[in-house]
Amino acid sequence: MDKFIIDGGVPLRGTVTISGSKNAALPIMAATLLAPGVYRIKNVPRLRDVRTMAHLLRIIGAKVEFGDHALQIDTRHADFPEAPYELVKTMRASMYVLGPLLARWKRARVSLPGGCAWGPRPVDLHLRGMEKLGGRLELDRGYIVARARELTGAHIYLDVASVGATGNIMMAATLAEGTTIIENAAEEPEIVDLGHFLQQMGARIQGLGSKTIQIQGVTELHPADYTIIPDRIEAGTFLVAGLITGGTVTLTRCRPGHLQEVLAKLQEAGAELHVTEESISLKAAGEIRPTHVTTAVYPGYPTDMQAQWIALMSLARGSSVVTDTIYPDRFTHVPELQRLGADIILKNNSAFVRGVSQLKGAPVMSTDLRASASLVLAALAAAGRSEVLRVYHIDRGYERIEEKLQQLGARIQRVDDGKLY
Ligand code: EPZ
């Protein structure tokens, strides 16, 4: 099991290249099941979750080959429409194969996800969407067993603007007979990227990036090549790293337009920013100013940047409130930040953070992907040595994060802590 050893207190300086988006790559990989053929996907991040999705596609019968930040996926012989529990429990995004399997094979057997560390995460909107499109679903010993004679377009209203449900329903609807309208759809850039990929495959979709997406079903789709958008959460994480350490960092190959709210909050917190089409430069200019954040669906402040923001506010000159309206209990990073000296009180779905003048290094435990990122950020700013344990969590969503941080001057090493569990 790997851990990071971090000697904090070094202002980060330099340039880092942002990788492709995990949350765009995963649904796009699943979408290749919609049409038999060979697909070449570029700007694919090298992440544990991408390898997990590749493994799942192979179980279904696809061939997946990795290139340099590229994938070649051959779905001509995919023929086993199942997603087993041992995979789905490690990665909730495995759910993304449900729509494509049902659309192409008219049957699917997908394990229910195990839910993440911060509480149960239902998939009711995915299931109801499939039923609206004509799927007949039943739960059988922890598996969703879905069948359909054919899929027909439907008018679907999502109670919650779910990213996953929007993606799953959109994929299934591309091969449904007639028109599907998804109301209260997710507007996240990753769903827009999935939609663009589906359009390259011949799907007829309007309204991407708005709350109402319309899909005219077609009888068949065809393979397409594609380049994934940059990861806006990795970008936001590295910008916070620059500000929390009092440094000057430049991100290249990113899409500033995808993280406007995060940029606005960074400026409110005291960062000086210079933005071009594909780069963002941040300069810490003096103290970190306390800045309240409430997460919301896109284009609001992303929940996937909530943990990182609490780490930053731990060192602000004053008090701030960070509220998560998407996942009310996504705060497992708080007790670990407190071990580094952060002064935080949790109440319902808010963290009340009173900035301290200094954090002190200590051993801390990762619990999930973005919690791990917040611990790394705090350790980079803390005085002295920290150990961040179980970094396999962070490897799910950040490509070689320690190497990218080393490029910025961070004193961070990955070591195998010798433990097997
Ligand atoms: C996606 O998860 C992301 N994962 C998550 O990023 C992200 O936190 C989340 O969207 C919110 O932005 C991927 O894209 C692979 P949701 P997803 O369905 O699709 C409720 C990361 O760190 N809900 O938009 O699972 C749910 O409980 C990961 O990269 C239902 O009630 O999120 C939650 O409160 C973590 N019923 C809210 O919607 C459903 O059927 C948002 O969930 C589905 C969701």
Side-chain angles (χ1 to χ4, degrees), residues 19-31 45 47-50 52-53 56 88 90-99 110 112-132 137 144 156-171 182 184-194 211 228-229 231-237 258-259 261-262 295-308 323-330 332-333 349 366-374 393-399 401:
S19 300
S21 163
K22 165 175 88 77
N23 291 350
L26 297 175
I28 284 171
M29 289 171 74
L47 301 171
R48 227 157 64 90
D49 276 9
V50 169
T52 302
M53 183 60 85
L56 176 53
V88 179
T90 64
M91 185 182 69
R92 176 186 168 84
S94 309
M95 278 296 295
Y96 273 131
V97 301
L98 176 62
V110 176
L112 279 168
C116 273
W118 61 83
R121 288 167 66 186
V123 288
D124 57 316
L125 298 175
H126 295 247
L127 307 186
R128 282 221 297 273
M130 295 306 128
E131 288 173 336
K132 280 260 183 158
L137 275 61
I144 302 153
I156 297 169
Y157 182 86
L158 296 177
D159 305 345
V160 173
S162 158
V163 171
T166 302
N168 236 334
I169 294 164
M170 184 163 70
M171 285 190 280
I182 307 173
N184 196 29
E187 301 174 271
E188 272 69 4
E190 294 76 25
I191 292 300
V192 173
D193 213 31
L194 169 63
K211 287 218 162 297
I228 307 276
I229 55 169
D231 194 308
R232 63 192 167 103
I233 304 301
E234 185 194 23
T237 304
H258 288 168
L259 58 155
E261 182 57 17
V262 174
T295 68
V297 295
Y298 194 84
Y301 189 94
T303 174
D304 292 351
M305 282 295 301
Q306 176 259 97
Q308 299 91 318
T323 300
D324 201 325
T325 66
I326 308 293
Y327 296 113
D329 46 9
R330 190 182 194 173
T332 53
H333 39 288
N349 63 332
S366 305
T367 51
D368 63 72
L369 168 54
R370 306 305 174 180
S372 326
S374 86
H393 288 291
I394 209 164
D395 291 334
R396 293 188 56 171
Y398 292 91
E399 179 177 336
I401 193 168

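Just so you know, ligand 1 is whichever comes first in the structure, and atom 1 is the first atom listed for that ligand. No experiment lies behind these values; they were computed from the predicted model shown.
Between D304 and R232, no side-chain nitrogen of the basic residue sits less than 4.0 Å from a carboxylate oxygen of the acidic one, so the salt-bridge criterion is not met. A salt bridge does not link K22 with E190: none of the charged nitrogens is closer than 4.0 Å to a carboxylate oxygen. The pair D49-R396 meets the salt-bridge criterion, with a side-chain N (NZ, NE, NH1 or NH2) lying under 4.0 Å from an Asp/Glu carboxylate O.
Looking at R330 against ligand 1, only its side chain comes within 4.0 Å, counting heavy atoms. Contacts between L369 and ligand 1 below 4.0 angstrom, taking non-hydrogen atoms only, involve the side chain exclusively. Residue-level proximity to ligand 1 for K22 is carried by the side chain, the only part with a heavy atom below 4.0 angstrom. By the criterion of a heavy-atom distance under 4.0 Å, both the backbone and the side chain of I326 are placed next to ligand 1.
Listed by number with element, the atoms of ligand 1 under 4.0 angstrom from any heavy atom of H126 are 40 (O). Each of the following atoms of ligand 1 lies closer than 4.0 Å to a heavy atom of V160: 37 (C), 38 (O). Numbered from 1 in the order shown, with element, the atoms of ligand 1 that lie under 4.0 Å from a heavy atom of G164 read 18 (O), 19 (O). If you number the atoms of ligand 1 from 1 as listed, the ones under 4.0 Å from a heavy atom of T303 come out as 8 (O), 11 (C), 12 (O).
Looking at G397, A161, P122 and measuring to atom 23 (N) of ligand 1, the nearest heavy atom belongs to P122. Among D49, V163, V123, the residue whose heavy atom sits closest to atom 10 (O) of ligand 1 is V163. Nearest-residue assignment for atom 32 (O) of ligand 1 (options Y298, Y327, Y96; heavy-atom criterion): Y327.
For L137 against E131, the heavy-atom pair with the smallest separation is CB-OE2, 3.8 Å.
A heavy-atom distance below 4.5 Å is not found between the side chains of I233 and V262.
At under 3.5 Å, a nitrogen or oxygen of L125, whether backbone or side chain, sits near a nitrogen or oxygen of ligand 1.
Residues H333 and Q306 bring a donor and an acceptor atom of their side chains to less than 3.5 Å of each other. For the residue pair D368 / T332, a side-chain donor-acceptor distance below 3.5 Å is found, with atom types taken as modelled.
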Problem - Intermediate values then yes/no, side-chain contact (heavy atoms from CB on, under 4.5 Å), E399 and D231 - result: CA-CA 11 Å; E399 179 177 336; D231 194 308; over 6 Å; no
